[in-house]
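Data block below; observations after.
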Amino acid sequence: MRKLLNWCFKGPVSPTNHCLSKSQMLFLFLWLFQGSMGETMEDPSAGNAENLNSESERQFRHSTCSIFQHCGHISYQCLVLELKPVVPQRSDGNMNNSRGSVASNIIVNHDFSRGLDSWHPNCCHAFVVPAEPGRNHVVVTNRKEPWQGLEQDISGKVTAGPNYRVCARVGISGPIQSSAVVTATLRLEFHHSPTTYMFIGKSSVSKDEWKTLEGMFQLSTLPDRIVLYLEGPSPGVDLLIESIVISCPYTIKTEDTNTRCFAPGDENIILNPNFEDGINNWSGRGCKIVLHDSMGDGKVMPMSGKFFASATERTQIWNGIQQEITSRVQRKLAYEVTAMVRIFGNNVTSATVQATLWVQTPDLREQYIGIGKLVVSDFYIFRTLVHIPLQATDKDWVQLQGKFLINASPSKVVISLEGPPPSTDILLNSFVVRHAEKVPPSPPPVIENPAFGVNIITNSNLYDGTTQWFPLGSCSLSVQSGSPHMLPPMARDSLGDHEPLSGRYILVTNRTQTWMGPAQMITDKLQLYLTYQVSAWVQIGSGASGPQTVSVVLKVDNQWVNGVQVEVNGDTWHEIGGSFRIEKKPDKVMVCVQGPASGVDLMLAGLQIFPVDRQARFRHLKRQTDKIRKRDVILKFSGSDSSSLVGAFVEVRQTQNSFPIGACVNRTNIDNEDFVDFFTKHFNWAVFGNELKWYWTEPQQGNFKYKDADDILTLCQSHNMEVRGHCIFWEVENMVQSWVKSLNTNDLRTAVQNRLNGLLTRYKGKFKHYDVNNEMLHGSFYQDHLGKDIRANMFKTANQLDPTATLFVNDYNVENECDIRSSPEKYIEHILDLQEQGAPVGGVGIQGHIDSPVGPIVCSALDKLGILGLPIWFTELDVSSVNEYVRADDLEVMLREAFAHPAVEGVMLWGIWELFTFRKNSHLVNAEGDVNEAGRRLLSLKQEWLSDAHGQVDEQSQVEFRGFPGSYEVEIVGVSTKVSKTFVVDKGESPLVVSINL
């Protein structure tokens, strides 16, 4: 019988090619119903379900299923026509249904909410039963064979390589006393080879219960057709199915609307990652690669596996080992990289090794994307190379880790290792690149009894002498009288009314090292995630040769953490203040005051370390914000029927606050439409991360590259965003490109003039601000080479070339009292000096890269700088914390302090998107587009800073309210009329009358 059946289904089947006689048809029909021939198919559910039926039986049962479905039509022609393969109807993927769609499920209509759409009963019958509202299940009945069940074609939705997980809710019904086995199976059809079957999983099910059937499968090659089906119970037993899910760790919607799985998280996209297949799929980048089982007479062995590879004969630092991953990497996905590396040869014991991604876009634009934190490299200053370097050694294998994301649609992607000096081999034992797991956010920290404002320093008033204090080093401590009784101003702003200080201080003598001073252990008094403010009075003794630096520092376990600093002069008391926070449980924490030169006595009075009540500060800032940012507005209605509006209801809604809140953008970001959408929707100003800097626009002398800047500028202009120009020059020497540093004095002066002419002429009128010479408090390259007047001349020339632009100074560590080089006092002195030389300084830029900010400290710096009468901008604001709720709190502190201070006229965030920020853990949006708590806090504040009001038109045809400057909509509802208008409130102090003509 099997030979006959195999023969009769060969060849094409059509109405004119009749391969079966009537007697053969009848014979076949009787066979299907288990007639007198007595030959039955093997039940895969009996015994070992993995032992599937023979290939001929599988082929037969597939080919005859249509006959069984149409057994009522036993005409010759109908039987032949129905032998054609049945292809399930294609659908739009998982549609919304009563139970919600399963995001990564490749099964269409997985819960039968659309009946049997996309499902096909395999030689049996099926119908859907609505068990309860919103829940359905299918009944597969009239089953004559164990292999008969329900199937769906999943061709085109799975790929070779990934692991797929199958999960189904199944049950049984009918004449059965015990349990039955339900099996999930794949039918794999090939055009030029026999059909095969793959067992996925099984579950033993009893009557009146639902069980979960689970299993996994992986395809090494892709068949021409793939069909999933559930089968198994004995004939006569109905199979019940509630839902079926096939998922992989990541899916996308393709252009043809099908859901497909790719690059799942547990799949390494690197081919031959452990060199078990030699060096296949690997190549050298400007050098040779060699396979090894050992090196150095057996001293270097693989850390895992049997082999490793070396990149050898390297003549440049960028030479290394590489692999193309174009077809296996997807844009807008975050990938994590792990590699085991070490170095060998050339008498180098340690060197930097870094992973770099080279991406070529279809327009042939090249990008170098580093793995990890954004750090601009001097070696590739004309490209987007960012990396997290690893110090590899010649002694041990070390692990390199990082993450990357590709924004653009790539035409080619290559990942490589590079970095050590020439002639030093890079050794690679294993390399893994996989889709980065989405780590759930840390929960909000739980802080019990924070005791805001309570000093954790014991015996701070020194009534008990030096009890709890000890000298760090061989210095001597004693208690003296004569220090201030008043709290330092920054502490007073935080603590409010407070008892006077004791007037006693610690005198530190016999100091033979700068680090010697008074210390105290505070381990048990600290709580994780609390922000602590530090405050004290300090003074130095006689004998100092010039100003001295005094610091309050922490030693957390065995690591010194630089704290707050102040520069002390003469015999007066100075306030020292700052803040810190600890986010990881320490074994011991010590606080110490130190800093002056050896032999100089140190005096400390009233040291306070206390947790800060941020919410109390926020309440104060909200009142301050309403006072300085809002304006009284009078809406005066006019028109022929305005008198009839008396008593009409008026609703006012602000649509946009005009206060500038902007963000940093890089050229690669604008290839990501998700970034562009968030960026243009929530910010009204922009600044370029690198693309306007001199090392970017002219990497080699005379080789100008403005296209990246032009592209970003075009985007900003299309969304009516104002743009800051950052920066014309950068005074810090290691940020100056090598060709500029090699110029003699005359050529350097010419190059500076050419830079000014070229940039400001090209973009005249297009940038509202320019940072003229970045970080002059921390660098002096141009001043050292061209004289002091070069700085003022840069401002003068820039103003002549583009008089519409406001020219800024810009520096860091101004607002947090942690850097004596850039204290507010030093910044003021610097600006006044420039102005005295005729520099048209128009604005003060505070970068704002800050940790654990405390409002009164930030406000103190703003108050001091405010005396200059210049607009203050936070130009590069970011805050960093692993815990996104703490990060959100820090961001709220800075935004509220800025918005509540009258001297601040704008805020720019320095990076918003994960993997594209200056500092790690400072992003507002995760790499794949999920807004985190810090981002939500920003959006919440922006919503808070929109005004709305409602009221009734008075007898003067007016409505009054108080609101923020910006754009508004007003709706007037009268007895028979309803009118909507728009208007703008400009910044100002006096009441604004807005005439609205109806």
What closest approach, in Å, do [X] and [Y] show between heavy atoms, and which atom pair accounts for it?
X	Y	result
Ser409	Arg331	OG-CD, 3.2 Å
Asn109	Gly115	ND2-O, 3.0 Å
Asn268	Pro273	ND2-CB, 3.3 Å
Ala927	Ala334	CB-CB, 3.8 Å
Glu583	Tyr529	O-OH, 3.6 Å
Pro445	Val886	CG-CG2, 3.8 Å

pair [X]-[Y]: side-chain heavy atoms closer than 4.5 Å:
X	Y	result
Ile226	Leu188	yes
Pro130	Asn136	yes
Leu239	Ile241	yes
Pro233	Pro146	no
His923	Glu884	no
Ile270	Ile415	yes

ask   = Under the side-chain contact (heavy atoms from CB on, under 4.5 Å) criterion, do Val138 and Leu116 qualify, and how do the steps go?
value = CA-CA 8 Å; Val138 67; Leu116 287 174; 3.5 Å; yes
Whether [X] side chain and [Y] backbone form a donor-acceptor pair below 3.5 Å:
X	Y	value
Gln323	Leu271	yes
Ser204	Val181	no
Arg887	Ser881	yes
Glu914	Asn926	no
Thr338	Val432	no
Asn429	Met303	yes
Trp358	Gln367	no
Ser922	Arg919	yes
Arg936	Val931	yes
Asn274	Phe307	no

All side chain to side chain contact (heavy atoms under 4.5 Å, CB included) counterparts of Asn280, not counting sequence neighbours = Asn272, Asp277
Distance-only side-chain donor-acceptor flag, [X] / [Y], under 3.5 Å:
X	Y	value
Asp153	Ser155	yes
Thr195	Glu189	no
Thr141	Asp238	yes
Arg169	Thr212	yes
Ser113	Asp111	yes
His435	Glu928	yes

Once you round to the nearest 0.5 Å, how far does [atom1] of [X] lie from [atom2] of [Y]?
X	Y	atom1	atom2	value
Arg165	Ile246	CZ	CD1	12.5 Å
Ile371	Thr356	CD1	OG1	7.0 Å
Leu938	Ser940	CG	OG	9.0 Å
Leu915	Lys920	CG	NZ	10.0 Å
Lys202	Glu214	NZ	CD	15.0 Å
Phe431	Ser416	CZ	OG	8.0 Å

Residues in salt bridge (charged side-chain N to carboxylate O under 4.0 Å, His left out) contact with Arg937, at least two apart in sequence or another chain =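 So Arg937 forms a salt bridge (charged side-chain N to carboxylate O under 4.0 Å, His left out) with Asp889, Glu892, Glu933.
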key: Steps toward side-chain contact (heavy atoms from CB on, under 4.5 Å) verdict (Glu336, Gln401)   = CA-CA 7 Å; Glu336 55 187 7; Gln401 289 182 303; over 6 Å; no
task = Before giving the answer on side-chain contact (heavy atoms from CB on, under 4.5 Å), spell out for Val245 and Ile107 the whole-Å C-alpha distance, their side-chain angles and the decisive distance to 0.1 Å.
result = CA-CA 6 Å; Val245 173; Ile107 291 293; over 6 Å; no
message = Consider side-chain contact (heavy atoms from CB on, under 4.5 Å). Of Asn407, Val925, Ile912, which one does Phe675 pass it with?
response = Ile912
key: Reference residue Tyr164; test side-chain contact (heavy atoms from CB on, under 4.5 Å); the match among Ile200, Thr159, Ile154, Leu228   = Thr159
task = Give me the one residue out of Trp397, Trp282, Phe275 that meets ring pair (Phe, Tyr, Trp, His ring centres under 6.0 Å) with Phe308.
result = Trp397
key: Plane angle bin for Phe404 and Tyr335 - parallel if under 30°, tilted between 30 and 60°, otherwise perpendicular   = parallel
inquiry  = Could you go through Leu357 and Ile325, starting from their C-alpha distance and side-chain angles, then the distance that decides it, and tell me whether this counts as side-chain contact (heavy atoms from CB on, under 4.5 Å)?
reply    = CA-CA 10 Å; Leu357 206 69; Ile325 57 174; 4.1 Å; yes
query = Is any NZ, NE, NH1 or NH2 atom of the basic residue among Glu231 and Arg143 found under 4.0 Å from an Asp or Glu carboxylate oxygen of the other?
reply = no
query = Is it true that Lys438 and Asp930 have a side-chain N and a carboxylate O under 4.0 angstrom from each other?
reply =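 Salt bridge present between Lys438 and Asp930.
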ask   = Quick check: are there more than 12 heavy atoms from other residues, nucleotides or ligands sitting under 6.0 Å from NZ of Lys211?
value =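 Count over threshold, so yes.
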More than 12 heavy atoms from other groups under 6.0 Å of CD on Glu437 = no
task = For salt bridge (Lys or Arg N to Asp or Glu O under 4.0 Å), just list the numbers for Lys332 and Glu673, CA-CA rounded to whole Å, side-chain angles, deciding distance to a tenth of an Å, and then say yes or no.
result = CA-CA 9 Å; Lys332 300 198 302 182; Glu673 56 273 23; 3.1 Å; yes
